[in-house]
Amino acid sequence: MTSGTETATDWAEVAGGLTLDSRPFVDGAPVDARTDTSFAVENAFTTEVLTEVPDCAEADVNRAVAAARASFEAGVWSRMPPVERGKILRRWADMVAASKELAALQSLQMGMPISVALPDMQAASDVLRDAAELADQLNDVLLPGSPSAILMEIRRPQGVVAIISPWNFPTGVALTMIAPALAAGNSVVLKPSEIAPLECLHLARQAAEAGVPPGVFNVITGTGPTTGKALALHMDVDMLSFTGSTATGQLLMQYAGQSNLKALVLECGGKSPQIVFDDVGDIETLADALYEGFTFNSGQVCTSSSRTLVAASLYDRLVPLLAARVEAARTGRPLDPATTLGPLANRAQADRLRNTLAAADPAVHLIARGQTSGLGPNEFAPHLFETADQSSRLVQDEVFGPLSVISRFHDEDEAVRIANGTRYGLSAIVYSSDMAVSHRLMSRLKAGVVLANRVAKPKPPGLRYATVEPVKMSGFGAHGGPRGLATYTRVQAAIFNME
Ligand code: NAD
């Protein structure tokens, strides 16, 4: 457990003391990979190699799926009373919340500042706890029968669930899929992102210690085209749950179709707008919220507000305040508790962003740029742009970095038209003091989650019951809450004829 008073030196010590065990975790224990191919996992800030990780191929995938299948059919977890599964998941949740190692791993591998990684561990732990609490609320339904027949709809686990996760919140996003999958009684094979796989291996060791039986939660490392593809094409995987880019999501739909029609849920990319009306109250507070909207976790957030739409009547007053915040921003060492902005997750990500800016459309103008410490090759300062041209690539494509493009709008219709004018539909935020405006807008916004003002702190307790369904090319399927849990089940119609 952290005291919250750790210094950069304390965190460097935690990081230095980590055991970087990169062996796949299968059937309750770390195992030697069958593949002899590996790749390097780097420190996101220094780009030093942390360790080599196996690029698991078919033999490793088959072994992990077989372990998951055997545990599922044996019923060691799938037939355990949900309340008992919940107890084990809660024990695991306590371990996640208290884990300095997980926070340090996340900070090392993808550059998340420790000041962000620590609360993220708490959020990740809450995801497990929430799923544990919902586990016995998957109610079966009794249908109208007759004196000689009882009709029921019974929820059953899907079976073997493959999970493919991204790197931007390596622990938390993986757990948003692992937790409901396990709570519903499935056995899981997880392939984490090759950029940040080590915390998921740590999660697997914790799960075993918490009491998750062998074979129920397996983690195999590897790259997308090797391990991910083999898992997605596997004939004995019943369901595939994916969070990542839209391009990969499109491939996974093909793999599911080419193989065994496995059930599929996809949480993909976004190009989310934050929409500001001129009736907002304190614009200094507003500027803080807007800035955080696209710089949190260096903008490497699926719901990052990479577009900012501002009412024309407020534009000239608000934009200088936002620009001042961007100019004052500075990236730094992730393990320093004073750092709020880390580097980008890896070289490819940093190069991609630099190339995107170099090729930016002349119709998009740079208004403000922050600073970097100059100490890490993957540092990328926040940027603020403005444009009136909604067709520009910077407006249309997900950039996944700390930047936002501002546009002005003159009325609600124009705000809605611009907001809905990309191929994505993940989230949107509306800022207005008039609830009627937010309410009206929300009904017209094509987004899986819509917020009037940014996330409340502390989060409202009912958030655990909220379900999000992305629209357009941001994916599909119910995620979160009881309906998100039900995603990891299928309904079996049971008919008892008694004549
Ligand atoms: P990515 O699509 O490149 O990779 C995600 C995962 O898919 C990784 O584990 C990767 O190895 C795997 N993969 C890649 N190619 C594959 C293939 N051919 N077959 C099988 N698996 C393959 O995404 P990323 O760069 O890791 O993450 C960033 C993306 O994730 C962004 O687009 C972001 O918006 C999205 N994301 C979405 C949400 C959400 O909730 N909607 C949350 C977080 C991240």
Side-chain angles (χ1 to χ4, degrees), residues 39 41 44 53 55-58 61 109-110 112 120 123-124 127 162-177 189-197 199-200 219-234 237 240-256 258-259 262 264-272 294 296-306 344-350 352-353 397-401 422-427 447-449 466-480 484:
F39 55 90
V41 171
V53 174
D55 192 9
C56 291
E58 223 167 285
V61 172
Q109 283 175 108
M110 65 75 59
M112 183 182 288
D120 191 50
V127 165
I163 296 178
I164 299 182
S165 60
W167 49 264
N168 60 331
F169 292 90
T171 316
V173 169
L175 278 173
T176 60
M177 298 181 279
V189 179
L190 166 71
K191 189 209 85 65
S193 165
E194 53 272 49
I195 294 169
E199 46 279 82
C200 286
V219 179
I220 46 170
T221 55
T223 53
T226 307
T227 322
K229 184 174 178 183
L231 201 50
L233 283 170
H234 205 288
V237 167
L240 176 58
S241 179
F242 170 75
T243 304
S245 65
T246 295
T248 306
Q250 288 178 301
L251 283 177
L252 296 184
M253 287 191 79
Q254 290 179 28
Y255 300 155
Q258 280 165 20
S259 52
K262 50 181 69 65
L264 188 60
V265 281
L266 302 178
E267 279 263 17
C268 299
K271 192 73 196 175
S272 301
F294 63 89
F296 178 66
N297 202 23
S298 292
Q300 300 167 123
V301 183
C302 52
T303 53
S304 188
S305 299
S306 53
L344 297 179
N346 68 357
R347 275 188 264 213
Q349 181 69 6
R352 201 175 55 75
L353 231 72
D397 294 345
E398 186 180 43
V399 282
F400 232 54
T422 73
R423 61 185 180 280
Y424 297 107
L426 199 55
S427 72
V449 55
T467 298
V468 172
E469 280 198 54
V471 295
K472 302 203 294 192
M473 292 181 77
S474 289
F476 55 79
H479 305 263

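When a residue number appears, it is its place in the shown sequence, counting from 1. First listed ligand is number 1; within each ligand, the first listed atom is number 1.
Under 4.0 angstrom from ligand 1, there are no non-hydrogen atoms of Ala247. Contacts between Tyr255 and ligand 1 below 4.0 angstrom, taking non-hydrogen atoms only, involve the side chain exclusively.
In terms of protein heavy atoms, atom 34 (O) of ligand 1 is closest to Glu398 OE2, 2.5 Å. What sits closest to atom 20 (C) of ligand 1 on the protein, heavy atoms only, is Gly228 C, 3.3 Å. Protein heavy atom in closest approach to atom 10 (C) of ligand 1: Glu194 OE1, 3.5 Å. Shortest contact from atom 4 (O) of ligand 1 to any protein heavy atom: Thr248 OG1, 4.4 Å. Counting only heavy atoms of the protein, atom 26 (O) of ligand 1 lies nearest to Trp167 CD1, 3.0 Å. In terms of protein heavy-atom proximity, atom 1 (P) of ligand 1 is closest to Ser245 OG, 3.6 Å. When only non-hydrogen protein atoms are considered, atom 27 (O) of ligand 1 lies nearest to Pro166 CB, 3.4 Å. Among protein heavy atoms, the minimum distance from atom 28 (C) of ligand 1 is reached at Phe400 CE2, 3.6 Å.
Considering backbone and side-chain atoms together, Lys191 places an N or O closer than 3.5 Å to an N or O of ligand 1.
Between the side chain of Lys191 and the main chain of Ala162, no donor-acceptor pair closer than 3.5 Å is present. Without hydrogens or angle criteria, Ser193 side chain to Pro166 main chain gives no donor-acceptor distance under 3.5 Å. Looking at Asp55, its side chain never comes within 3.5 Å of a backbone N or O of Gly222 through a donor-acceptor pair. Between the Thr248 side chain and the Gly244 main chain, no donor and acceptor come within less than 3.5 Å of each other. Judged by distance alone, with hydrogens and angles left aside, the side-chain atoms of Asn297 form a donor-acceptor pair with the main-chain N or O of Asn168 at under 3.5 Å. Of the possible polar contacts, none joining the Ser298 side chain to the Gln300 backbone as a donor-acceptor pair under 3.5 Å is found.
Screening Ser305, Ser304, Ser427, Ser306 for a side-chain hydrogen bond (donor to acceptor under 3.5 Å, both in side chains) involving Ser272 leaves a single residue, Ser427.
When Gly475, Cys302, Gly224, Gly448 are checked for heavy-atom proximity to atom 22 (C) of ligand 1, Gly224 turns out nearest. Between atom 43 (C) of ligand 1 and the options Asn168, Leu240, Ile163, the minimum heavy-atom separation is to Asn168. For atom 6 (C) of ligand 1, the candidate residues are Ser427, Gly244, Ser165; the nearest heavy-atom contact is made by Ser165.
Taking a cut-off of under 4.0 Å to the non-hydrogen atoms of Leu251, the atoms of ligand 1 that pass are 18 (N). Contact atoms of ligand 1 toward Leu426: 41 (N) (distance under 4.0 Å to a heavy atom of the residue). Ligand-side atoms of ligand 1 in range of Phe242: 2 (O), 5 (C), 6 (C), 7 (O), range being under 4.0 angstrom from any heavy atom. Residue Leu252 has at least one heavy-atom neighbour below 4.0 Å for each of these atoms of ligand 1: 19 (N), 20 (C). Atoms of ligand 1 found under 4.0 Å from any heavy atom of Cys268 (numbered from 1 in listed order, with element): 34 (O), 37 (C), 38 (C), 39 (C), 41 (N).
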Practice problem: Report the C-alpha distance between Phe400 and Val301 in whole Å, list the side-chain angles of each, state the deciding distance to 0.1 Å, and finish with yes or no for side chain to side chain contact (heavy atoms under 4.5 Å, CB included). | Solution: CA-CA 7 Å; Phe400 232 54; Val301 183; 5.7 Å; no
Exercise. Start with the C-alpha distance between Glu194 and Val41, add both sets of side-chain angles, then the distance that settles side chain to side chain contact (heavy atoms under 4.5 Å, CB included), and finish with yes or no.
Key: CA-CA 7 Å; Glu194 53 272 49; Val41 171; over 6 Å; no
Practice problem: Evaluate the side chain to side chain contact (heavy atoms under 4.5 Å, CB included) criterion for residues Phe169 and Met112: first the C-alpha distance (whole Å), next the side-chain angles of each, then the deciding distance (0.1 Å), finally the verdict. | Solution: CA-CA 9 Å; Phe169 292 90; Met112 183 182 288; 3.5 Å; yes
Quiz item: Going through the checks in order, is the side-chain hydrogen bond (donor to acceptor under 3.5 Å, both in side chains) test met by Lys229 and Thr226?
Solution: CA-CA 6 Å; Lys229 184 174 178 183; Thr226 307; over 6 Å; no
Quiz prompt | Derivation of the side chain to side chain contact (heavy atoms under 4.5 Å, CB included) call for Met253 and Leu264 | solution = CA-CA 7 Å; Met253 287 191 79; Leu264 188 60; 3.5 Å; yes
